[in-house]
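Below is one structure, written out as structure tokens, with a few remarks after it.
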Amino acid sequence: MAEELCVRLVTLFNQLNVKNQRQVEQLVHHEHVTRGTIIVSPATSNRLVIIRRGRARMYQLSINGEEQVQRILTTGDYVGETWLLGVANTSSYVDVMTDSEICVLYRADFIRLIQDYQDIALKLLTGQAMLINNLRWQTQLLRIPNINERLNTYLRWLAAKQGSSTVTLPLKLKDLSSYLGTTPETLSRKLTQLQKDGVINRHLRQIKILKETY
């Protein structure tokens with residue numbers, strides 16, 4: 001049976017040979033956290049957090065306390081590298097959606113790894129480019145003034161991403177409505193109307209797209 005290393009799950013480290021992976025693993029702190037636990041906040045931004053098992057969501061808090069969901073993290077995803085490199089975290093949080101196992105790498109160890117392994121720095125740049133692209137997509141989505149068009153655009157994007165006309169919503173309605181810049185009540189009504197119109201067939205978080213809307 002292959003040795004189960006947390007760092008092997010992460011694109012930042014899986015290009016290292018096994019010996020170096022073991023060295024990195026010795027720097028990692030393993031934690032088991034229960035559903036709802038906040039694992040990253042402005043007060044705890046001095047570490048890189050890897051999701052070993054489970055699911056988490058990253059969101060921002062607005063001035064009036066409203067949550068804006070930005071991304072979902074699953075096994076092998078990580079968060080925190082931007083803040084470790086000097087960008088201040090003023091409003092971002094990550095909480096776990098299920099009981100989860102996480103691996104934590106603190107700033108001093110993280111900086112030393114970047115200095116020792118140049119490939120990790122290149123992986124960081126690639127990851128940041130992907131994150132910026134995802135945030136740019138969400139910004140473009142939120143600029144669509146009509147919620148019907150915004151929802152239809154999101155469903156088409158999700159179908160393309162999942163490679164099927166039957167898609168699984170990655171978020172609960174509450175979080176998806178936040179991601180789409182609307183309310184849970186409005187989103188629920190729009191999904192119900194799409195089903196009545198024969199555009200989709202929905203069962204819980206699974207949606208089959210029956211016909212395209214433009």
Side-chain angles (χ1 to χ4, degrees), residues 10 33-45 47-84 87-102 104 127-162 167-192 194 200 202-207 209:
V10 187
V33 289
T34 57
R35 178 182 177 183
T37 301
I38 295 175
I39 56 176
V40 173
S41 72
T44 57
S45 298
R47 58 188 195 164
L48 181 82
V49 178
I50 302 165
I51 306 299
R52 183 174 187 178
R53 290 189 183 89
R55 285 166 59 86
R57 61 175 191 143
M58 180 178 177
Y59 61 93
Q60 283 190 322
L61 279 185
S62 65
I63 295 175
N64 59 7
E66 293 183 355
E67 295 179 2
Q68 176 64 59
V69 177
Q70 295 183 308
R71 58 186 287 220
I72 296 299
L73 299 106
T74 57
T75 298
D77 288 335
Y78 59 90
V79 65
E81 72 283 2
T82 303
W83 307 313
L84 289 182
V87 178
N89 176 16
T90 58
S91 59
S92 292
Y93 295 78
V94 178
D95 63 14
V96 292
M97 304 166 68
T98 62
D99 290 353
S100 303
E101 293 180 29
I102 64 173
V104 177
Q128 283 299 296
M130 292 176 63
L131 179 58
I132 290 170
N133 188 55
N134 289 336
L135 291 175
R136 184 181 294 121
W137 151 252
Q138 186 184 17
T139 299
Q140 292 174 344
L141 193 64
L142 292 174
R143 285 177 179 168
I144 300 174
N146 185 286
I147 182 58
N148 291 321
E149 185 180 351
R150 200 182 310 156
L151 176 57
N152 287 328
T153 300
Y154 174 77
L155 290 176
R156 290 196 300 270
W157 171 80
L158 198 61
K161 183 179 180 182
Q162 296 185 9
V167 300
T168 300
L169 297 178
L171 299 166
K172 296 179 181 178
L173 278 190
K174 174 179 177 292
D175 294 327
L176 181 58
S177 64
S178 171
Y179 183 87
L180 294 175
T182 187
T183 64
E185 295 77 15
T186 297
L187 179 58
S188 180
R189 285 199 305 269
K190 298 303 180 183
L191 288 170
T192 299
L194 286 177
I200 65 171
R202 177 187 169 214
H203 178 66
L204 300 177
R205 285 165 63 176
Q206 189 171 73
I207 293 178
I209 301 173

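Remember, predicted model here, so these are calculated numbers, not experimental data. In this chain, residues are counted from 1 in sequence order.
- Counting only distance, with no hydrogens or angles, the side chain of Gln138 and the backbone of Arg71 share no donor-acceptor pair below 3.5 Å.
- Ile72 places none of its side-chain heavy atoms less than 4.5 Å from the side chain of Asp175.
- Closest heavy-atom contact between Thr74 and Ile51: O-CB, 3.5 Å.
- Between the OH atom of Tyr154 and the NZ atom of Lys161 there is a distance of 7.5 Å, given to the nearest 0.5 Å.
- Atom CG of Asp95 and atom OG of Ser100 lie 10.0 Å apart (nearest 0.5 Å).
- Using modelled atom types and a 3.5 Å distance limit, the side chains of Arg189 and Thr192 yield no donor-acceptor pair.
- Minimum heavy-atom separation, Leu142 to Tyr179: CD2-O, 3.6 Å.
- For Asp99 (side chain) and Arg35 (main-chain N/O), a donor-acceptor pair under 3.5 Å exists by modelled atom type.
- Under the 3.5 Å distance criterion, the side-chain polar atoms of Gln162 are matched with a main-chain donor or acceptor of Thr168.
- Between Thr139 and Arg143, some side-chain heavy-atom pair lies under the 4.5 Å cut-off.
- Of all heavy-atom pairs spanning Leu141 and Arg150, the tightest one is O-CG, 3.3 Å.
- The closest donor-acceptor contact from the side chain of Thr182 to the backbone of Leu187 lies at 3.5 Å or more, if one exists at all.
- Partner Tyr93 forms a side chain to side chain contact (heavy atoms under 4.5 Å, CB included) with one of Leu61, Ile39, Thr44 and no other, that one being Leu61.
- The distance from the CZ atom of Arg55 to the CG atom of Leu73 is 9.5 Å, given to the nearest 0.5 Å.
- If you take CZ on Arg52 and OG1 on Thr75, they are separated by 10.0 Å, rounding to the nearest 0.5 Å.
- In plain terms, the two heavy atoms of Leu204 and Arg202 that are nearest each other are O-NE, 3.1 Å.
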Worked check of side chain to side chain contact (heavy atoms under 4.5 Å, CB included) between Arg57 and Glu67: CA-CA 11 Å; Arg57 61 175 191 143; Glu67 295 179 2; 2.9 Å; yes
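- Asn89 and Pro42 make their closest contact through O-CB, 3.3 Å (heavy atoms, listed as atom of the first residue, atom of the second, distance).
- You'll find the side chain of Ile207 reaches within 4.5 Å of the side chain of Leu191, heavy atoms only.
- With values rounded to the nearest 0.5 angstrom, Leu173 atom CG is found 8.5 Å from Arg205 atom CZ.
- Counting only distance, with no hydrogens or angles, the side chain of Gln68 and the backbone of Ser178 share a donor-acceptor pair below 3.5 Å.
- The minimum heavy-atom distance between Trp83 and Ser45, with the atom names listed, is CB-O, 3.8 Å.
- Between the NZ atom of Lys190 and the CG atom of Leu155 there is a distance of 13.5 Å, given to the nearest 0.5 Å.
- Proximity of Ile209 to Leu158: side-chain heavy atoms (C-beta onward) are nowhere separated by under 4.5 Å.
- Residues Val79 and Val40 form a side-chain contact, since some pair of their non-hydrogen atoms from C-beta on lies under 4.5 Å apart.
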